*Asks:* 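This structure is in structure tokens; I'll ask about it shortly.
Note that the structure is a prediction, hence the values are computed from the model and not measured. All chains are named by letter (A, B, ...) in the order of the sequence lines, taking the proteins before the strands, and each is independently numbered beginning at 1.
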Amino acid sequence: MNHMSILDSKFFEGDVHIIAESLLGKIFVRKLNGNILSGKIVEVEVYDGLTDEASHAFNGKTKRNEVMFKQGGLLYVYFTYGMHFCANVVTGNVDDPKAVLLRGIEPLKGIELMSINRYGKKSFTQKEFINLTNGPAKLCKAFGIERFENGMDLTGETIFILDSPKLSKSEIITSTRIGVNKSINLPWRYYIKNNPFVSKK
DNA sequence: CCACGGATTGGCT
DNA sequence: GCCAATCCGTGGA
């Protein structure tokens, strides 16, 4: 895979943990109304429907989670707490419901539009800058990801991920996942050390 | 059919 | 640190 090329379907077929760690440092891109929104992925979590009680797919396929059961390389977006959307990268093959939750992104392009999406205004304080995308629901709001984006093809023209050099082990922190009440001891959260857009230490 | 609670966030104490 | 907001998927009766 060449530097700064778009990740293709091959990338999303492999082991979900390898993919999760590999996604750190890569550039998530979304075209929205003729604008480019992009940012560096800095925090992710693995959800594995086959062995993981915290996964939406653990109890089998439903209308809500059906995208997780499809071929890797799609975006799985879910609605939660009556007001928030969160986005996952689906990995693996059909009926192998694994996904990587995007929890933190460092904004690169289209930052004014992200601010409009988040706060309804173009300008922002330093604190608001960090707050644009340092959480799974925050980054969806900033990137304009909602119900319509569920199931979108990540190897298409609208939403895709640009490759970047693999990070060294010393740059990556592994920890337990945030906000789950089941399988709480699985160390399936990965984030970039010292990056301010990581949701929690 | 109904009750529960969620892969969160932001505001208030 | 605590808790309300606000919808709807899910599971049990």
Side-chain angles (χ1 to χ4, degrees), chain A residues 12 16-17 19-21 23-24 28 39 41-70 72 74-92 96-107 114-121 123-152 154 159 172-192 195-201:
Chain A
F12 301 102
V16 66
H17 291 276
I19 292 172
E21 287 194 81
L23 282 172
L24 294 176
F28 183 82
I41 298 169
V42 303
E43 179 187 356
V44 297
E45 283 175 358
V46 165
Y47 287 88
D48 182 343
L50 299 179
T51 60
D52 173 12
E53 286 189 289
S55 168
H56 288 167
F58 184 72
N59 289 315
K61 194 194 294 189
T62 64
K63 188 78 177 173
R64 181 201 204 194
N65 66 22
E66 63 181 355
V67 173
M68 285 184 76
F69 288 77
K70 296 188 177 182
L74 302 181
L75 197 69
Y76 166 49
V77 180
Y78 68 89
F79 182 66
T80 191
Y81 293 105
M83 62 187 80
H84 301 303
F85 293 93
C86 297
N88 297 252
V89 171
V90 175
T91 73
D96 182 26
K98 302 170 196 276
V100 178
L101 173 68
L102 301 176
R103 289 196 55 95
I105 285 182
E106 178 180 329
M114 291 186 199
S115 180
I116 289 168
N117 290 342
R118 284 279 284 129
Y119 310 126
K121 56 179 186 169
S123 63
F124 45 84
T125 64
Q126 180 59 29
K127 197 172 181 178
E128 286 172 330
F129 177 52
I130 300 298
N131 200 40
L132 281 174
T133 50
N134 64 338
K138 294 175 187 178
L139 68 87
C140 280
K141 195 90 167 71
F143 277 83
I145 294 170
E146 300 183 3
R147 218 175 295 274
F148 176 78
E149 284 72 20
N150 186 38
M152 281 185 70
L154 287 168
I159 303 184
I172 299 175
I173 307 285
T174 301
S175 79
T176 55
R177 296 173 295 182
I178 305 289
V180 298
N181 293 314
K182 296 169 182 168
S183 302
I184 60 175
N185 292 320
L186 296 173
W188 286 1
R189 174 173 177 246
Y190 305 95
Y191 62 92
I192 298 179
N195 188 288
F197 293 90
V198 171
S199 64
K200 290 179 182 174
K201 281 297 175 194

*Asks:* Provide, to the nearest angstrom, the distance between the CG atom belonging to A:Asn181 and the C1' atom belonging to B:dC4.
*Replies:*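 From A:Asn181 CG to B:dC4 C1': 13 Å.
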*Asks:* Just wondering, do A:Asn150 and A:Phe79 contact through their side chains at under 4.5 Å, heavy atoms?
*Replies:*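 Not touching, per the 4.5 Å side-chain cut-off.
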*Asks:* Need the pair for C:dT6. Rule: Watson-Crick or G-U wobble, both distances under 3.5 Å, any strand; none if unpaired.
*Replies:*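 WC or wobble partner does not exist here.
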*Asks:* Give me the distance, rounded to whole Å, that separates C:dA4 from B:dC4 when you measure between the P atoms they each carry.
*Replies:*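 Rounded to whole Å, the distance is 15 Å.
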*Asks:* Calculate the interatomic distance between A:Leu101 atom CG and B:dT8 atom P; express it in whole Å.
*Replies:*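 It works out to 7 Å between those atoms.
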*Asks:* Specify the separation, in whole Å, of atom CZ of A:Phe85 and atom C1' of C:dT6.
*Replies:*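 The answer, rounded to whole Å, is 12 Å.
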*Asks:* With respect to the side chain of A:Asn131, which nucleotide from B:dT9, C:dG9, B:dG10 is positioned closest?
*Replies:*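 Selected nucleotide: B:dG10.
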*Asks:* Starting from P on B:dA7, measure out to NZ on A:Lys98 and report it in whole angstrom.
*Replies:*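 Result: 19 Å.
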*Asks:* Under 4.0 Å, heavy atoms only, any strand: does A:Ala54 hit a base, just the sugar-phosphate, or nothing?
*Replies:*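 Counting heavy atoms under 4.0 Å across all strands, the contact made by A:Ala54 includes a base.
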*Asks:* Any strand is fair game: report the nucleotide pairing with B:dA7 by Watson-Crick or G-U wobble, both distances under 3.5 Å, or none.
*Replies:*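 Checking every strand shown, B:dA7 finds no partner, since no pair has both distances under 3.5 Å.
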*Asks:* Nearest of B:dA7, C:dG11, C:dT10 to any side-chain atom of A:Arg103?
*Replies:*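 Out of B:dA7, C:dG11, C:dT10, the nucleotide with an atom closest to A:Arg103's side chain is B:dA7.
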*Asks:* Between A:Arg118 and A:Leu132 (side chain of the first, backbone of the second, donor and acceptor by atom type, cut-off under 3.5 Å), is there such a pair?
*Replies:*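 Yes.
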*Asks:* Using a heavy-atom cut-off of under 4.0 Å over every strand shown, decide if A:Arg64 touches base, sugar-phosphate, or nothing.
*Replies:*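 Sugar-phosphate contact only - A:Arg64 comes under 4.0 Å of backbone atoms but never of a base.
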*Asks:* Within the supplied structure, the quantity of interest is the number of heavy atoms (other residues, nucleotides, ligands) at a distance under 6.0 Å from A:Lys127 NZ; does it exceed 12?
*Replies:*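 Not buried by this count: 12 neighbours or fewer within 6.0 Å.
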*Asks:* Could you point out which residue of A:Thr176, A:Val16, A:Leu101, A:Asp52 forms a side-chain contact (heavy atoms from CB on, under 4.5 Å) with A:Trp188?
*Replies:*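 Filter result, single survivor: A:Asp52.
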*Asks:* Categorize A:Asn88 for me: base, sugar-phosphate, or nothing, with a 4.0 angstrom heavy-atom threshold over every strand shown.
*Replies:*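 Here A:Asn88 touches the bases of the nucleic acid.
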*Asks:* If you measure from the C1' atom in C:dC3 to the same atom in B:dG5, how many Å do you get, rounded?
*Replies:*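 Going atom to atom, C1' in each nucleotide, I get 15 Å.
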*Asks:* Heavy atoms only, 4.0 Å cut-off, all strands: where does A:Ser199 land among base, sugar-phosphate and nothing?
*Replies:*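 Answer is nothing: A:Ser199 stays at 4.0 Å or more from every strand.
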*Asks:* Given atom NE2 of A:His84 and atom C1' of B:dG5, what is their separation to the nearest angstrom?
*Replies:*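 Result: 14 Å.
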*Asks:* Under 4.0 Å between a side-chain N/O of A:Asn59 and OP1 or OP2 of C:dG11, yes or no?
*Replies:*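 For C:dG11, OP1 or OP2 has a side-chain N or O of A:Asn59 closer than 4.0 Å.
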*Asks:* Evaluate whether the aromatic ring of A:Tyr81 and the six-membered ring of the C:dA5 base sit under 5.5 Å apart, centre to centre, with an inclination under 30°.
*Replies:*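 Whether judged by distance or by angle, A:Tyr81 falls short somewhere, so it does not stack on the base of C:dA5.
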*Asks:* Counting the atoms with a prime plus P, OP1 and OP2 as sugar-phosphate, which does A:Arg189 contact under 4.0 Å by heavy atoms, base, sugar-phosphate, or nothing?
*Replies:*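 Result for A:Arg189 = nothing.
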*Asks:* How long is the gap from CD on A:Glu53 to CG on A:Asn181, to the nearest 0.5 Å?
*Replies:*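 Reported value, rounded in 0.5 Å steps: 11.5 Å.
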*Asks:* Answer with yes or no whether A:Tyr78 presents, from its side chain, a donor or acceptor under 3.5 Å of a partner atom in the base of B:dA7.
*Replies:*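 Such a pair is found, so the answer is yes.
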